[in-house]
Amino acid sequence: MRFVSTRGGVEPAPLDVALAAGLAPDGGLYVPESVPRADVDRAGATLAQTARAVLAPYFLQSDLREALPALCDAAFACPAPLRALASSDNDHVLELFHGPTAAFKDYAARFLAESLARLRDPTAPPTTILVATSGDTGAAVGAAFHRRAGFNVVILYPDGRVAPRQAHGLECFGDNVRTFRVAGNFDDCQRLAKQALSDESLRKRLPLSSANSISLGRLLPQMAYYAHAALAFRAGRGVPLNFIVPTGNLGNALACWLARCMGLPIGDIVLASNANDALPRYFAGGDYAPRASIATLANAMDVGAPSNFERLRFWHRDDVELRAAMRAFSVDDDAIRDTIREAPQRHGVVPCPHTAVGLCVLERLREAADTRPWAVVATAHPAKFDSIVEPLVGHAVELPPALAAWLARSAQGCPMAADYDALRAELLG
Ligand SMILES: *Cc1c(COP(=O)(O)O)cnc(C)c1O
């Protein structure tokens, strides 16, 4: 199995090269040359075993082939339970918030960290992982690389634009992880990171890599929990499970789509966007028009130009074929608030603002007389967004132990101007 760039400007690369590179050298995104069929006869297996089966065809020629079981055991040690909601036995949530930083990004960040650690030349100087984050990626990557020999992490996040507990989580690592709160928005953080990654003279002095959601090492492992839930559901109920995926950069939903292409029993896929509605507009028949992001309650989804759209486009012949692959809906902040407020009564759960976007879309499908089984992907734990969620539901949300351990640590971030020279000086300093 080799991997090609969505822009077609590089020779097909083996997995290990694509994993280490992040972005393809022509600026495109790596995608598998062809989509293999999964060995789907694995219902009843654990999440980690399902991950192995789904990922195995991509690793056949990789130096990591032998290590794949260990990679999967490490990345998928936390469960990803599919829970029925109180509203109907066809309404479910797929809970992906049981990892160390209480968001779905923990699984794939851990997988990527384990992969890069094994691919590393132990005699080389340490690699600096530079990550721009709108809130959850930085924490997941920080946790995955914390105290890992051979790696340093630099996190850039937009000052004042993440929830207080998210900010604490980003700043609480220390050791080999440094965190900067940038005087700017997420786009500024991303611009600074991209500038550093393309600064040849800097890279000669400092081995740099990224860990953002366009990395193959994050995209591929995300298939595992969809496969696991869908196989278990079909084993019990005999039909495919349909998914509603709260979407920002389109990485998580794309993994769901890829798992379906591999033959897993996944039915319809619906993207749930917040007020950043480039995808809903496109799927409703408009042009694809990326725009500047706007701030919403579901801040990890505040993406105006979803990077992974380039992969989706690459895999489809034209707009007609692509629009047939999935649907997308937009949910504004008022609807997010209403959904959170009513969710305990209606569904028997307290959702985070991102999960609420998905639940709101489920409610709209039910109003439109869709009676099929759906799973809303619960992308983060509500306690991470207590400042939004608690006033709406009127009571405190219990902290999961991992998050409580995080909050007990001291925070030690540094301010930084949204200025490349400032970042460069810190990286070299
Ligand atoms: C990152 C994130 C999303 C969006 O996921 P994408 O893969 O970027 O579409 C949704 N919810 C939460 C909580 C997130 O952290």
Side-chain angles (χ1 to χ4, degrees), residues 29 80 93-109 112 131-143 157 161-163 165-167 169-170 186 190 211-223 225-226 243-259 269-280 290 293 296-312 326 328-331 336 340 351-361 376-386 388-389 400 403:
L29 281 61
V93 281
L94 178 61
E95 291 182 356
L96 302 184
F97 51 62
H98 296 286
T101 74
F104 79 88
K105 293 183 175 93
D106 281 325
Y107 300 102
L112 180 67
V131 54
T133 182
S134 61
D136 291 329
T137 297
V141 170
Y157 82 88
R161 302 205 181 208
V162 306
R165 279 184 181 167
Q166 271 180 311
L170 288 164
F186 172 63
Q190 203 157 31
N212 60 17
S213 80
I214 56 180
S215 168
L216 257 187
R218 286 191 47 197
L219 176 66
L220 297 178
Q222 291 177 158
M223 290 190 287
Y225 37 74
Y226 295 107
F243 286 95
I244 297 167
V245 189
T247 292
N249 233 349
L250 197 50
N252 203 11
L254 192 70
C256 185
W257 177 83
L258 196 57
I269 300 169
V270 168
L271 311 179
S273 299
N274 58 25
N276 293 280
D277 62 355
L279 293 169
S293 63
T296 76
L297 294 172
N299 63 17
M301 293 155 49
D302 290 346
V303 179
S307 311
N308 280 295
F309 189 72
E310 183 166 333
R311 284 194 168 111
L312 209 50
M326 49 185 83
F329 297 99
S330 166
V331 173
I336 292 175
I340 295 173
C352 86
H354 313 81
T355 308
V357 172
L359 272 180
C360 181
V361 168
V376 172
V377 178
T379 51
H381 194 284
K384 208 170 175 179
F385 301 89
D386 58 316
I388 297 169
V389 170
L403 218 49

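Note that ligands are numbered from 1 as they come in the structure, with each ligand's atoms numbered from 1 the same way. Keep in mind that what you see is a predicted model, and the values were worked out from it rather than measured.
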Any idea which atoms of ligand 1 are less than 4.0 Å away from a heavy-atom of Lys105?
1 (C), 2 (C), 3 (C), 14 (C), 15 (O)
For Thr247, the atoms of ligand 1 under 4.0 Å from one of its heavy atoms are 9 (O)
Leu279 and side-chain contact (heavy atoms from CB on, under 4.5 Å): which partner among Leu312, Val303, Leu271?
Leu271
When only distance counts, is Phe104 in polar contact with ligand 1, meaning an N/O pair under 3.5 Å?
no
4.5 Å side-chain heavy-atom contact, Val389 and Lys384:
no
Counting heavy atoms under 4.0 Å, the part of Asn252 that contacts ligand 1 is both
Evaluation steps, side-chain hydrogen bond (donor to acceptor under 3.5 Å, both in side chains), between Thr296 and Asn274:
CA-CA 7 Å; Thr296 76; Asn274 58 25; 2.9 Å; yes
Identify, for atom 10 (C) of ligand 1, the protein heavy atom at the shortest distance, and state residue, atom and that distance.
Met301 CG, 3.5 Å
List every atom of ligand 1 that sits less than 4.0 Å from any heavy atom of Ala380, numbering the atoms from 1 in the order shown and giving each element.
13 (C)
Can you list the steps and then say if Ser307 with Ile214 is a side-chain contact (heavy atoms from CB on, under 4.5 Å)?
CA-CA 7 Å; Ser307 311; Ile214 56 180; 3.4 Å; yes
The residue among Asp136, Leu96, Leu94, Asn252 that forms side-chain contact (heavy atoms from CB on, under 4.5 Å) with Thr379 is Asn252
Less than 3.5 Å between some nitrogen or oxygen of Gly248 and one of ligand 1, yes or no?
yes
So for Phe97, does at least one of its heavy atoms come nearer than 4.0 angstrom to any atom of ligand 1?
no
Please identify which atoms of ligand 1 are closer than 4.0 Å to at least one heavy atom of Asp136.
12 (C), 13 (C), 14 (C), 15 (O)
Quick test: of every protein heavy atom, which one is nearest to atom 8 (O) of ligand 1, and how far off is it to 0.1 Å?
Asn249 N, 2.8 Å
Students often mix this up, so state it plainly: with edges at 30° and 60°, are the rings of Phe243 and Tyr226 parallel, tilted or perpendicular?
perpendicular
With a 4.5 Å limit on heavy-atom distance, are the side chains of Arg218 and Thr137 in contact?
yes
Tell me whether Thr379 has any N or O atom under 3.5 angstrom from an N or O of ligand 1.
yes
Look up atom OG in Ser293 and atom CZ in Arg161, then write down how far apart they are to the nearest 0.5 Å.
7.5 Å
Are any of the N/O atoms on Gly251, whether in the backbone or the side chain, positioned under 3.5 angstrom from an N/O atom of ligand 1?
yes
